[in-house]
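Presented below is the structure to which this report refers.
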Amino acid sequence: MVRSPRGWSLRTRLLVTQVLLLAVVCAGIGVATEFALQRFLMNQLDEQVVEAGRRSAVIFDFGPPPPDMGPRVMRPPRVIMGPPPQEGSTRRLVIRDDEGPGPAFLNAPGQAIRTVGAVVLEGTPVAAGVITADGARAEISAAAADQLADVPADMRPRTVDLDGLGRYRVVSSPAHHPGETVVTGLPTADVDDTLLWVLVIFCVVAAVALVAAATAGIVIVRRQLAPLARVSAAAQQVADLELDRGEVRLPTPIVKVDPVAAHTEIGQLAGALNRMLDRIAGALSARHASETRVRQFVADASHELRTPLAAIRGYTELAQRKRADLPGDVAHAMNRVESETERMTQLVEDMLLLARLDTGRPLQRESVDLTRLVVDAVSDAHIAGPEHTWELDLPDEPVVVPGDEARLHQVLSNLLANARIHTPPGTSVTTSLTVDGADVALTVLDDGPGVPAWLQPDVFERFARGDSSRSRRGGSTGLGLAIVEAVVRAHGGTIEVRSVPGRTEFVVRLPGDPQPSHSGGQSDP
């Protein structure tokens with residue numbers, strides 16, 4: 001498929017433009033040369049035709065010039081009478097010798113080969129012929145003779161395509177006696193051949209020049225745009241870096257600028273790119289430092305909060321033992337303190353886990369029977385949400401992946417809890433496990449109301465909130481999917497969500513175990 005010129009690279013456009021401009025210049029020079037050469041050659045031919053016409057008219061009127069030396073034996077002329085003369089007029093005779101058809105002036109000295117001549121008497125050709133290549137005279141067709149007879153006797157050369165002879169430049173000269181004209185013509189074949197050869201030679205030279213220009217253009221354009229290519233490669237290198245998180249080290253300066261060429265367009269572009277990368281590197285360093293401080297604060301705060309929360313839970317449990325001795329409102333308040341303490345403890349644990357994962361703390365690596373893990377997690381979800389329909393779609397053989405069993409169980413539990421909390425009763429939730437080459441795909445599919453389109457890009461962000469159809473219930477902290485995404489990423493996998501009303505699908509892809517275990521099984525929840 002041929003691309004539009006707008007999709008061409010800068011090198012291609014420069015090269016094509018250069019070749020097209022040269023082609024236009026060559027074409028203009030060729031047309032001008034052909035036109036000027038044609039005018040010159042035709043003017044030269046016209047002078048020869050006029051000179052031949054005058055010579056032929058003089059020879060016709062006064063006979064051939066006397067010989068320079070030696071006696072000349074005159075052959076008896078042959079007399080051909082023209083149309084009968086009218087009363088009171090005099091008609092001269094048309095004289096032809098016996099050397100061939102056509103008028104005798106064709107054999108006069110100075111006449112070139114292929115010269116055509118005719119004698120016209122009151123519009124009627126009475127003698128017409130042509131000089132052949134061997135110098136003899138030959139007869140021409142009647143149609144060609146009539147074409148010569150139609151030439152006006154004004155001594156102006158004209159182009160006539162004679163029957164059987166080709167294109168000729170002819171001129172008609174009035175004879176000495178009224179009513180008689182002498183027509184002489186020379187072929188334009190030499191002019192046409194010369195113009196054709198010049199055109200062929202010019203086309204060959206132009207083609208060679210275009211090829212040479214294209215070759216030289218490729219070398220020149222490539223050499224001149226080499227700095228721009230380096231700038232483009234540097235920009236692509238920066239574009240391929242992971243700039244969304246973590247510490248990023250940008251190579252600065254990423255493009256070396258020659259001080260001599262710093263004032264050029266490419267030098268200015270490279271300098272601007274280096275300055276931009278300096279600013280970006282500074283901003284990324286500041287962001288990383290800020291993220292590090294925030295993560296450290298969250299980790300420290302979560303760690304420090306665990307002790308007072310444990311104390312609060314202990315005192316509430318102690319108070320609950322003497323619940324019968326407490327007033328009703330105090331007992332209810334203690335119940336609320338206990339439930340909120342448990343919720344806050346879970347929130348602190350989740351935040352601490354995220355902080356540890358953000359710092360890149362390695363997880364345990366062991367072979368995990370993912371099939372058994374799915375069965376256990378779905379069984380727990382069935383107990384927690386009996387009003388939902390829970391289904392399994394597992395392969396016949398156990399699926400084993402390398403990873404942290406506790407964290408992978410947390411991934412499954414959070415995905416199933418997300419489906420249970422954010423969908424109405426009666427929703428069907430299907431958990432499937434498939435092996436795709438070297439990867440393992442874990443899918444949790446429900447037919448609930450779906451995730452809003454505007455929330456899907458941020459659904460794995462921390463404390464992401466949806467609309468009322470997927471509002472948090474049952475003590476959700478809003479960190480479940482964030483933990484899922486962090487744990488999956490720590491295992492070298494990926495997670496994506498595809499959701500429309502009536503179908504929400506979370507797909508987790510994990511690298512498989514090269515030596516899977518064959519232990520374990522499956523059961524229905």
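Since the model is a prediction, treat every value here as computed from it, not as a measurement. In this chain, numbering begins with 1 at the start of the sequence shown.
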_Enclosure of Glu139 CD (heavy-atom neighbours >12, cutoff 6.0 Å)_ = no
*Approximate separation, where rounding is to 0.5 Å, of Arg54 CZ and Ser173 OG*: 8.0 Å
*CZ/Phe506 to CG/Asp446 distance, rounded to the nearest 0.5 angstrom?*
8.0 Å
*asked:* Just to verify, what does Gln48 make a side-chain contact (heavy atoms from CB on, under 4.5 Å) with, not counting sequence neighbours?
replied: Gln44, Leu45, Leu186
*Does CZ belonging to Arg509 count more than 12 external heavy atoms closer than 6.0 Å?*
no
*Got a donor-acceptor contact below 3.5 angstrom from the Ser141 side chain to the Ala144 backbone?*
yes
*Is there side-chain contact between Asp393 and Leu445, with at least one heavy-atom pair below 4.5 Å?*
no
_Val400 side chain reached by Leu370 side chain, heavy atoms, under 4.5 Å_ = no
*With side chain to side chain contact (heavy atoms under 4.5 Å, CB included) as the test, would you mind laying out the steps for Leu41 and Leu37 before giving the verdict?*
CA-CA 6 Å; Leu41 294 178; Leu37 184 60; 3.9 Å; yes
_Is it the case that over 12 heavy atoms from other parts of the model lie below 6.0 angstrom from the CZ atom of Arg365?_
yes
*Measure the spacing between CD1 of Ile201 and OG1 of Thr33 and express it to the nearest 0.5 Å.*
12.0 Å
*asked:* Please find the pair of heavy atoms, one from Val49 and one from Thr184, that lie closest to each other, and give the distance.
replied: CG1-O, 4.0 Å
*How far apart are the closest heavy atoms of Ala118 and Pro103, and which atoms are they?*
N-CG, 4.2 Å
*Is any side-chain heavy atom of Ile140 closer than 4.5 Å to a side-chain heavy atom of Leu165?*
yes
*Starting at CD of Gln38, measure out to CG of Leu199 and round the result to the nearest 0.5 Å.*
12.5 Å
*Checking side chain to side chain donor-acceptor pair (under 3.5 Å) for the pair Ser56/Gln111: CA distance, chi angles, key distance, verdict?*
CA-CA 9 Å; Ser56 299; Gln111 300 288 31; 2.9 Å; yes
*Answer yes or no: is there a side-chain heavy-atom contact under 4.5 Å between Phe105 and Val58?*
no
*Could you tell me whether the side chain of Asn418 reaches within less than 4.5 Å of the side chain of Leu481, counting heavy atoms only?*
yes
*Residue pair Gly493 / Leu510: nearest heavy atoms and the distance that separates them*: CA-CD2, 4.3 Å
*Could you walk me through whether Ser499 and Gln456 pass the side chain to side chain contact (heavy atoms under 4.5 Å, CB included) check?*
CA-CA 8 Å; Ser499 180; Gln456 292 182 24; 3.6 Å; yes
*Any side-chain heavy-atom pair of Val497 and Phe460 under 4.5 Å*: yes
_Quick check for you: to the nearest 0.5 Å, what is the distance between Thr431 atom OG1 and Leu394 atom CG?_
8.0 Å
*Any side-chain heavy atom of Val399 within less than 4.5 Å of one from Leu442?*
no
*Is the backbone of Asp163 close enough, under 3.5 Å, to the side chain of Gln147 for a donor and an acceptor to pair up by distance?*
yes
*Residue pair Arg167 / Val160, side-chain heavy-atom distance below 4.5 Å*: no
_Evaluate Arg503 against Asp447 for side chain to side chain contact (heavy atoms under 4.5 Å, CB included), listing each step before the verdict._
CA-CA 5 Å; Arg503 180 182 176 87; Asp447 56 1; over 6 Å; no
_Which heavy atom of Pro157 sits nearest to which heavy atom of Val50, and what is that distance?_
CG-CG2, 3.8 Å
*Audit row: Leu148, Val170, side chain to side chain contact (heavy atoms under 4.5 Å, CB included) steps and yes/no*: CA-CA 8 Å; Leu148 292 175; Val170 298; 3.9 Å; yes
*Rounded to the nearest 0.5 Å, how far apart are OG1 of Thr17 and CG of Leu22?*
12.5 Å
*Can you spot which of Arg169, Arg158, Arg156 makes a side chain to side chain donor-acceptor pair (under 3.5 Å) with Asp46?*
Arg169
